[in-house]
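So the structure is just underneath, and the comments pick up after that.
Here, residue 1 is the first one in the sequence, and each next residue gets the next number.
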Amino acid sequence: MTKKEEIKKEVIKKEVIKKVIKGEMTRKEAMAKLYLSRQQVYRLIKNYLKNGDKCFINGNKGKQNKNRIDNTVIEKIQNLYIEEYYDYNFIAFYEVLQEKYKDEYEISYSSLYRMFQSGDIVSPLAHKGTLRLYNEKMENAISDKTVIDEKSEKIYESRQIAIEKAHTRRSSNSYGFGQEVQMDACENIWFGDRVTYLHLAVDKGTKKVLFGWFEYEEITRGYFVLLYNIIINYGIPARIKTDNRNSFSNQQNKVDTTQFGTICGKLGIELITTSSPTSKPNVERENGTFKNRLISELRHEEITDIDAANAYVNEKFIPRMNKTFSFEINKKTSKMKPNNYTEEELNLIISERKERIIDNASSIKYENYYYVPVKLDTGEQVCFTKGTKCIVILSYHAELWCEIENVYYKLCKIEKRETVMKKEKENNKPIEKKKTIVPKNTPWRKFKINTRI
């Protein structure tokens, strides 16, 4: 409210109360005129009779608000956001203030929002209408060469980004923890300047992100890492839902013939594939959330290495996201089966398997190299007859094993033989070739035909 409006309001109150005292207006009419209750009108009459015109003046008039934030603090917060956290949304930036700068800046989120709004700073997650009006305002100011603050112009340049549509929210309160785990991979330049794929696993019942893993391609091994860590940390889920890529189903939409489908069958997990993104909205929504938050955090933390990114996303980012957005695990309704496998057993179960046949040298050819099976306890080589079928296993920890007649053996690589050395030349002198001299009296000279014309 401006000063003119405050003065006008005080004058109207004074005139109405004076008329009530003089009998020119009833108290009900004063209540309707001033939009006050009966008790408030009585209080004004009493104060006017006691203190006169002073009772209509606001007691806080001329006093500075104790809760008002200093301009220097406002400028520091704006500079901090623009210089370091410009790609954070307002809520994420407020969480950073509460976590890292709590002792330095005491401010509520509503005050922060009003501060940014008055300073022409919009969130990267602002609505389309807000961004459209903001862009029109800034474009007009730039074209008219109006004085624009450098900070505002910097934010304007960083806000020229595409707006992504969110998936429709669906209720999943009837799902228990582990009843359905959704998996997907999201392609983006998450860190550095190279495209990587973030593999995510999200529980539908609790909205909890169970694990995340970066790879340079969307590969089956990335989903092996998700499954292994879910089982180790939480247990065996009842169902896994994914897309229709070749890692999970073949052209006939059969999941039991793929590596991942075979593993799920051994672990008692139902594997469902779908071609519709809206059928797995939880993991799709988390992909958007991670894009809006994780990219900016990895940039701020100066992470450009894939190993450091995997450590950060699982040790810091995902626990913080789960604490903010996910629900607690209800053990009574949980469908997550306990894990009764050891890490050594999971190492062989969650693996790539390919059939091979042993040759006449009791060896196995795999990836252009030859291997021989050896016993686990003694390391002694085991010989089998030619044509024996075996299954080569590339374990979770990238170790080569084989299964022959339901017995596991480790594979020992046969080193390729070096090329045969040539005979060393004497004194390192090149050997001169003997020239053949045809005798003049050779018989074939008699029958030589002169081809010259």
Side-chain angles (χ1 to χ4, degrees), residues 170 172 174-185 197-213 215 218-277 279-284 286-287 314 318 322 326-327 329-354 391 393-397 401 403 408:
R170 291 186 177 184
S172 57
S174 59
Y175 280 76
F177 176 64
Q179 186 172 349
E180 180 178 302
V181 174
Q182 300 173 6
M183 291 184 179
D184 195 20
Y197 290 77
L198 175 60
H199 300 70
L200 282 181
V202 182
D203 176 64
K204 182 170 183 173
T206 60
K207 311 297 187 297
K208 192 180 293 295
V209 181
L210 303 181
F211 204 76
W213 191 254
E215 289 285 355
E218 184 178 359
I219 57 177
T220 306
R221 182 154 187 84
Y223 295 101
F224 283 180
V225 175
L226 296 184
L227 181 60
Y228 181 87
N229 284 276
I230 290 172
I231 295 174
I232 291 295
N233 297 324
Y234 299 99
I236 302 174
R239 179 195 303 163
I240 292 177
K241 184 179 283 188
T242 63
D243 53 19
N244 278 335
R245 63 179 283 107
N246 294 334
S247 299
F248 309 110
S249 66
N250 58 14
Q251 294 179 352
Q252 288 76 29
N253 199 23
K254 294 181 179 180
V255 299
D256 55 347
T257 58
T258 63
Q259 297 279 356
F260 196 88
T262 304
I263 294 170
C264 288
K266 287 185 177 181
L267 296 172
I269 302 173
E270 180 187 7
L271 179 61
I272 297 177
T273 62
T274 175
S275 59
S276 175
S279 298
K280 44 185 180 64
N282 302 100
V283 68
E284 297 288 351
E286 289 299 334
N287 285 336
N314 289 295
I318 289 179
N322 287 339
S326 67
F327 301 102
I329 298 174
N330 188 347
K331 294 183 179 180
K332 294 182 180 179
T333 60
S334 176
K335 304 296 182 182
M336 192 74 76
K337 294 177 287 186
N339 173 33
N340 297 322
Y341 297 99
T342 63
E343 292 189 10
E344 294 180 356
E345 291 173 334
L346 287 176
N347 179 42
L348 294 176
I349 293 174
I350 304 176
S351 58
E352 296 181 14
R353 294 173 174 247
K354 295 182 179 179
I391 298 175
I393 303 171
L394 179 60
S395 69
Y396 176 80
H397 295 300
W401 295 65
E403 183 181 355
Y408 288 100

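Atom-to-atom distance recorded for Asn246:CG and Thr220:OG1 is 8.5 Å, nearest 0.5 angstrom. In this structure, OG1 on Thr206 lies 10.5 Å from CG on Asn330, to the nearest 0.5 angstrom. Between the SG atom of Cys264 and the CD1 atom of Ile349 there is a distance of 11.5 Å, given to the nearest 0.5 Å. Between atom CG of residue Leu346 and atom CG of residue Leu267 there is a gap of 7.0 Å, rounded to the nearest 0.5 Å. For the atom pair CG of Leu200 and CG of Asp184, the computed distance is 8.0 Å after rounding to the nearest 0.5 Å. To the nearest 0.5 Å, atoms CG (Leu210) and CZ (Phe177) are separated by 5.5 Å.
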Please walk me through it: do Ile219 and Tyr197 pass side-chain contact (heavy atoms from CB on, under 4.5 Å)?
-> CA-CA 9 Å; Ile219 57 177; Tyr197 290 77; over 6 Å; no

Result block: side-chain N/O donor-acceptor pairs under 3.5 angstrom for residues 224-235, not counting sequence neighbours:
from, atom 1, to, atom 2, distance (Å)
Asn229, ND2, Val225, O, 2.7
Asn233, ND2, Asn229, O, 3.0

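Residues passing the side-chain hydrogen bond (donor to acceptor under 3.5 Å, both in side chains) test with Ser326 are Lys208, sequence neighbours excluded. With sequence neighbours left out, Phe248 forms a ring-ring contact (aromatic ring centres under 6.0 Å, His included) with Tyr223, Phe260. Asn347 meets the side-chain hydrogen bond (donor to acceptor under 3.5 Å, both in side chains) test with Ser395, Glu399; sequence neighbours excluded. With sequence neighbours left out, the side-chain hydrogen bond (donor to acceptor under 3.5 Å, both in side chains) criterion links Thr262 to no other residue. The side-chain contact (heavy atoms from CB on, under 4.5 Å) search around Glu180 returns Tyr175, Gln182, Lys204, Arg239, Lys241, not counting sequence neighbours. Residues satisfying the side-chain hydrogen bond (donor to acceptor under 3.5 Å, both in side chains) test with Ser275, not counting sequence neighbours, are none.
Sorted by first then second residue, the salt bridge (charged side-chain N to carboxylate O under 4.0 Å, His left out) pairs that include residues 218-235, not counting sequence neighbours, are Glu218-Arg245. Residue pairs meeting the salt bridge (charged side-chain N to carboxylate O under 4.0 Å, His left out) criterion with at least one partner in residues 222-231, sequence neighbours excluded, are absent. Counting only residues at least two apart or on different chains, the salt bridge (charged side-chain N to carboxylate O under 4.0 Å, His left out) pairs with a member in residues 339-353 are Arg353-Glu403.
Contact check for Lys207 versus Asn282: side-chain heavy atoms found under the 4.5 Å cut-off.
Ala201 and Val181 make their closest contact through CB-CG1, 4.1 Å (heavy atoms, listed as atom of the first residue, atom of the second, distance). In this structure, Ile272 and Glu270 approach most closely via the heavy-atom pair CD1-OE2, 3.6 Å. Taking each heavy atom of Tyr396 and Ser351 in turn, the nearest pair found is N-CB, 4.4 Å. Here the shortest heavy-atom pairing between Val283 and Met183 reads CG2-C, 4.2 Å. Closest non-hydrogen pair, Phe211 versus Ile318, comes out as C-CD1, 4.0 Å. Nearest approach of Asp203 to Gly178, heavy atoms of both residues: OD1-N, 2.9 Å.
The one candidate from Thr258, Asp243, Asn244 that meets the side chain to side chain donor-acceptor pair (under 3.5 Å) condition with Thr273 is Asn244.
Summarising the local packing, NZ of Lys337 is surrounded by more than 12 heavy atoms from other residues, nucleotides or ligands at distances under 6.0 Å.
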